[in-house]
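Given the structure is predicted, the values throughout are model-derived calculations rather than measurements. FYI, the numbering just counts along the sequence from 1. As the structure lists them, so they are numbered: ligands from 1, and atoms in each ligand from 1.
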Amino acid sequence: MRTTGLLILALALAYPASAEEPRDGYWSEEQVGEILDVTLRLRLDPDLSHLTDAERAALPELLAAGRVMNDLYETQKHAEALDARRLLESLRTEDQGQRVLGLIDLYYMSKGPVATTLDNQRLPFLPVGDETDGKNVYPRDLSRTEIDAFVAANPEDSTRLKSERHVVRRVTADDISADLAMLDAHPGVDALHPALRSYLESKQSTGSGLYAVPYALAYAPQLAVARAHLEKAAAILADGTPDFADYLRLRARDFLSSDYEASDAAWVSGTFGNLNMQIGSYETYDDSLLGVKAFFSASLLARDPEKSAALERAVAGLQSIEDALPYDSNRTVRSNIPVGAYNIVADFGQARGTNTATILPNDADHTRKYGRTILVRYNILANPELFDNRTTRYAAVVATDYRDHLTMDGGFDRTLWHEVGHYLGVDKTADGVSLDEALADYADLLEEMKSDLVSLFAAPALRAAGYYDDDGMRAHYADGIRRTLQTVRRRPTQPYQNMQLMQFNYFMENGLIEPQADTGLLMVHYDRYHETATELLRQVLEIQRSGDRALARDFVNRWNYWDERLHGEVAADMRESMKYRRSIVKYAALGD
Ligand SMILES: [Zn+2]
């Protein structure tokens, strides 16, 4: 805990230093302004008039549970996050003017005290420690080499250390005692983890090395609060929407076990009313050390009944697309997958932002047994300001003839079929290992790349089935190109940006996109689209099937290159055209 730094921040903000006396550790109004000036502010205020009285009455409880997820997420990302936030909030009330308000906005947007600069660096803007690859779910100084060596010497610890819902710690007498005391204080956790006590005691006697505790224990007090809110919401909803109530109650219980199987099954299979909620820890994007730890999030969603029915019709007949995929498999996929169009009421933690769709759960066994739910986030996808921002950027770098090819529907279709793409293709390696485990830090990148490419691969089949007309298919394709264009040079730890860049490079080298000789603006050779996307998809599926991390690394190294004269120019042209490079999303339901 670095309270000293935060105290200095408090003093510095309360008694602003003169311009010639800059203090270390927090950003100036100018530094903050540089980012906030190019930030689009959105406020989501969906129509909730179709909610039943019970659904309306449950909202405050569900939002309160979401707030717990938000705090947990920020804690997972940075050990000093919540202290820094509380300090900033306390200064707001003292009317400290633009500097504090700007820092509060930046914290909100960054979901913690470390911001991404406009040239894509991660820097603390408050006097806190630097961000580490493993964030706050591993010891600060732990390297991949060290954990690999430890696991090699202690194979029996591998499962715990690499589990998606375990925090890794160094063995110290204090930490183990604290964990044992926490276990005493939470008998529910103790009961649902029968081997945990003896495991902790055995680690205590070794005196050194690494150990791991389930989130259920590491975050027991916070999860107890979330559970209470979910239980209350479930009681309110039990009569009107029993499936939703059951799901919430099971999820509350699963917070005690850190095993979501029961509640995932209830979530994916149940028939809910007008509300849905994603809540818990699922996505591993924030773990840049091993790529396995899940981070907390919540999304409270209001279902759009007509658009949802249209989506369900659209994704019928998935098996034929699965069967056509360029890999050798007899996989049977569900013909009937739960998909819905939702308006976001409020997002929390990892889920907060302009993410356009979600498909969960990720666990391959749960997916096989129960399927996955696809939540299309309609009031983000159909937001006119976000669409304007995308089209302006695209028009700045493609040749004149191609500028009008993006449409809102094209973006919607590409996104929807990206999510469906997660449903299809390789779900485990040929010898039955999970992709996360086998491909480790390359797993997310390849999975996202596969889904992008399945979306593009499906286009001709969708056209043939009458899902859209020629213009609709072209818009789907155009959005596939837009998706690959980078406005800044990526960091090696950003799975989405890297796999997009890789597609761009592959498309360039294979003549799907080509710069115009005179202007340098990009042309899209649609006639080469299917062949090119299919071949790249074939390679991705092959690597996933092999589970060979070295092969994955070679593949990524082959394709994720960046040339300032090409990528740098495209990025600069897009940046120049864009009014907004960031966004802050606020929610009417939270009183924003
Ligand atoms: Zn995805």
Under the rule for salt bridge (charged side-chain N to carboxylate O under 4.0 Å, His left out), what residues qualify as partners of D365, not counting sequence neighbours? R368, K428

Let me check something: any side-chain donor-acceptor pairs from residues 323-330 under 3.5 Å, sequence neighbours excluded? List them with distances.
| unit_1 | atom_1 | unit_2 | atom_2 | d |
| --- | --- | --- | --- | --- |
| D323 | OD1 | Q319 | NE2 | 2.9 |
| Y327 | OH | E322 | OE2 | 2.6 |
| Y327 | OH | S329 | OG | 3.3 |
| Y327 | OH | G425 | O | 3.1 |
| S329 | OG | R331 | N | 2.8 |

Salt bridge (charged side-chain N to carboxylate O under 4.0 Å, His left out) partners for K307, two or more places apart: D304

Where the side chain of Y215 meets the backbone of E164, is there a donor-acceptor pair that is under 3.5 Å apart? yes

Restricting to distances shorter than 2.8 Å, give the number of protein N, O or S atoms close to the Zn ion (ligand 1). 3

Taking S258 for the side chain and A216 for the main chain, is one N or O donor matched with an acceptor at less than 3.5 Å? yes

Under-4.0 Å salt bridge between K77 and E74: no

